[in-house]
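Let me begin by presenting the structure, written as structure tokens, before commenting on it.
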2 protein chains.
Amino acid sequence: MYNILFEHLEEKINLSAGDKEIIKSYFISKILKRKKLLLQEGNVCHYMAFVAQGLLKSYNTDEKGNEYVNQFTPEGWWASDMNSFFSMQPANYTIDALEDSVLLLITSQDFENLTLRIPKMDRYFRLLFQNSLITKERRLVNSYMLSAEEKYKQLIESSLNLVNRVPQNLLASYLGLSPATVSRLKKKISLDHK
Amino acid sequence: MYNILFEHLEEKINLSAGDKEIIKSYFISKILKRKKLLLQEGNVCHYMAFVAQGLLKSYNTDEKGNEYVNQFTPEGWWASDMNSFFSMQPANYTIDALEDSVLLLITSQDFENLTLRIPKMDRYFRLLFQNSLITKERRLVNSYMLSAEEKYKQLIESSLNLVNRVPQNLLASYLGLSPATVSRLKKKISLDHK
DNA sequence: ACAAATAGTTGACTTAAATCAATTGAATTT
DNA sequence: AAATTCAATTGATTTAAGTCAACTATTTGT
């Protein structure tokens with residue numbers, strides 16, 4: 001179960017057998033069943049979760065109860081409310097499982113301890129956050145520059161795997177569009193291809 | 001001129017006098033006059049810039065010539081096209097100076113060398129990117145969840161200093177709104193306060 | 001395998017914000 | 001200080017996408 005974690009770390013840094021033992025000792029594993037919550041908006045986010053298997057989503061909810069999906073996290077990626085995790089403030093996001101999932105959790109205290117004990121982990125997370133930042137920035141710019149149709153097309157091109165695992169209404173939410181709009185776009189695009 | 005850089009680094013990590021000498025040696029300083037470009041969309045971004053004084057903006061342009069401002073970078077912050085800088089691919093953004101500015105530049109090769117020579121710098125950038133990521137995520141969610149009026153109000157509350165240094169049409173662009181809309185919102189809000 | 005819950009489609013209608021254009025006002029440049 | 005460029009305002013109009021609602025199709029849990 002830790003293999004997938006080490007594989008991902010080793011894409012960015014080299015680890016000795018000893019490093020791996022140490023790293024292992026900072027994580028605890030958890031099974032999160034479909035629809036169960038990892039984090040509830042308003043609570044402090046105590047864990048950063050590496051998804052070893054399954055799929056999570058994080059979202060927030062406005063006064064009217066509308067859900068805004070912020071991120072999907074499949075195997076090999078990390079999920080948390082970073083603001084809450086690093087500042088201990090109440091979380092803005094709720095995180096739950098879209099599929100039965102296996103997680104490796106680390107607390108914020110242990111995150112700190114781990115990076116101090118193994119400085120390479122700072123490098124790993126520097127590279128991880130750097131890449132996430134590039135992706136988020138792209139998404140933000142797209143949200144301003146692209147039409148609904150272009151957003152939907154880009155998502156299909158860049159994340160076909162996700163598109164097949166996630167209900168269309170959640171993709172709509174992720175794109176900042178209404179389910180009706182995405183349904184119409186899907187039809188339009190399939191007609192355009194004929 | 002390096003003092004402001006060191007102050008910022010020392011908010012996140014401790015530096016010895018020796019560290020500072022080494023760090024200094026990796027940067028070159030540059031004066032960038034108002035309206036001059038640091039980076040042109042389509043070129044590779046060779047530098048990451050620490051703004052010691054002044055104010056930069058980064059933006060991209062669509063086929064129709066519309067500009068979409070992506071970030072303002074005042075003193076004490078970093079500017080670059082991160083994707084281009086770290087991957088050597090052509091940049092998506094253009095970066096220019098809104099005010100006469102003083103920059104400290106580091107090349108991507110030297111960035112790599114510096115983090116390898118002083119691992120604490122990985123920690124610094126881990127923390128920097130971590131915070132940027134939190135901010136970008138907030139902006140992304142706001143772009144979906146908030147109305148034009150709420151976006152504008154939040155910007156005023158959170159960044160009054162910027163609001164006073166940046167022309168209103170660029171703030172509009174940064175918020176993903178048209179200049180006309182921002183002008184109307186400004187009027188509406190001032191009336192609401194009476 | 002069935003019932004219940006959830007998701008997707010489609011039409012009619014609304015709406016927030018964009019666009020266009022004319023005018024006024026402010027800042028830079030020479 | 002005048003000229004020129006750039007920024008802001010405001011009204012009239014358009015438009016992309018949202019909302020609402022009724023219906024159908026698909027998934028999920030028991």
Side-chain angles (χ1 to χ4, degrees), chain A residues 32-36 54-55 57 59 61-69 72 96-101 142-156 162-192, chain B residues 33-36 54-55 57 59 61-69 72 96-100 142-156 162-192:
Chain A
L32 190 72
K33 289 292 209 179
R34 188 180 137 78
K35 296 200 177 170
K36 296 292 179 197
L55 179 60
K57 75 168 198 287
Y59 58 98
T61 311
D62 67 14
E63 327 77 48
K64 293 181 177 166
N66 302 313
E67 287 186 4
Y68 297 83
V69 174
F72 298 108
D96 66 14
L98 281 172
E99 302 172 0
D100 293 349
S101 301
N142 284 347
S143 83
Y144 294 139
M145 290 184 73
L146 303 184
S147 67
E149 182 171 351
E150 290 167 321
K151 286 179 206 178
Y152 179 65
K153 277 186 178 165
Q154 278 221 357
L155 181 71
I156 289 182
L162 260 192
V163 171
N164 293 326
R165 283 167 83 177
V166 172
Q168 196 171 300
N169 62 335
L170 295 180
L171 294 178
S173 170
Y174 177 75
L175 291 172
L177 302 173
S178 71
T181 294
V182 167
S183 174
R184 284 185 252 260
L185 289 172
K186 189 179 160 191
K187 188 178 178 187
K188 176 172 187 303
I189 290 167
S190 84
L191 293 177
D192 287 355
Chain B
K33 289 293 207 181
R34 187 178 137 78
K35 298 200 175 170
K36 296 292 178 196
L55 179 60
K57 75 168 197 285
Y59 59 96
T61 311
D62 66 13
E63 326 77 48
K64 291 180 178 168
N66 301 313
E67 286 187 6
Y68 297 82
V69 174
F72 298 108
D96 66 14
L98 282 172
E99 301 172 0
D100 292 350
N142 285 347
S143 83
Y144 295 139
M145 290 183 73
L146 303 184
S147 67
E149 182 171 354
E150 290 167 320
K151 285 179 207 177
Y152 180 65
K153 277 186 177 163
Q154 279 221 358
L155 181 71
I156 288 182
L162 261 192
V163 172
N164 292 328
R165 283 168 82 177
V166 172
Q168 195 171 300
N169 61 336
L170 295 181
L171 294 177
S173 169
Y174 177 75
L175 291 171
L177 302 173
S178 72
T181 295
V182 167
S183 173
R184 283 184 253 262
L185 289 172
K186 189 178 162 193
K187 189 180 180 188
K188 176 172 187 302
I189 289 168
S190 85
L191 292 177
D192 288 354

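Note on naming: letters A, B, ... go to the chains in the order of the sequence lines (proteins, then strands), and numbering restarts at 1 for each one.
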- prompt: Among C:dG8, C:dA18, D:dA8, which nucleotide sits nearest the side chain of B:S183?
  reply: D:dA8
query: Is the shortest side-chain N/O distance from A:T181 to OP1 or OP2 of D:dG18 below 4.0 Å?
result: yes
task: Would you kindly compare A:K35 and A:L185 by the position of their nearest DNA chain D nucleotide and give the one closer to the 5′ end?
output: A:L185
- request: Take atom CG of A:L171 and atom C1' of C:dA7, then tell me their distance rounded to the nearest Å.
  value: 12 Å
- request: Would you tell me if any nitrogen or oxygen in the side chain of B:K187 comes within less than 4.0 Å of OP1 or OP2 on D:dT10?
  value: yes
message: If you only use heavy atoms from C-beta on, which nucleotide in C:dT9, D:dT9, C:dT19 is closest to the side chain of B:S178?
response: C:dT19
statement: Residue pairs passing the salt bridge (charged side-chain N to carboxylate O under 4.0 Å, His left out) test with at least one member in residues 164-179 of chain A, sequence neighbours excluded, are A:E75-A:R165, A:E99-A:R165
message: Measure NZ/B:K186 against P/C:dG25 and give the value in whole Å, please.
response: 14 Å
task: Would you mind reading off the distance between A:L177 atom CG and C:dA7 atom P, rounded to a whole angstrom?
output: 17 Å
message: Rounding to an integer number of Å, can you tell me how far A:D62 CG sits from D:dT19 P?
response: 10 Å
- prompt: How long is the line joining NZ of B:K188 and P of D:dT9, in whole Å?
  reply: 16 Å
- request: Would you state whether a donor and an acceptor, one from the side chain of B:R34 and one from the base of C:dT29, lie under 3.5 Å apart?
  value: no
Separation of D:dT28 P from A:R165 CZ (nearest whole Å): 13 Å
message: Main chain of A:A97, side chain of A:R34: is a donor-acceptor contact present, judged purely on distance under 3.5 Å?
response: no
task: Determine whether any donor atom in the side chain of A:R184 lies under 3.5 Å from an acceptor atom in the base of C:dG11, or the reverse, and answer yes or no.
output: yes
Whole angstrom value for the distance that separates C1' of C:dA17 from CG of B:N66: 15 Å
query: Relative to the 5' end of DNA chain D, which residue comes earlier, B:N169 or A:A180, by the nucleotide with the nearest heavy atom?
result: B:N169
task: Return no unless some side-chain N or O of B:Q168 is found under 4.0 Å from OP1 or OP2 of D:dT9.
output: yes
task: Please check if the side chain of B:K151 supplies one atom and the backbone of B:N142 the other of a donor-acceptor pair under 3.5 Å.
output: no
task: May I have the distance from B:L170 (atom CG) to D:dA7 (atom P), rounded to whole angstrom?
output: 7 Å
message: With a 4.0 Å cut-off on N to O distance, would you call A:K35 and A:D96 a salt bridge?
response: no
message: Could you tell me if the side chain of A:L155 sits less than 4.5 Å from the side chain of A:L175, heavy atoms only?
response: yes
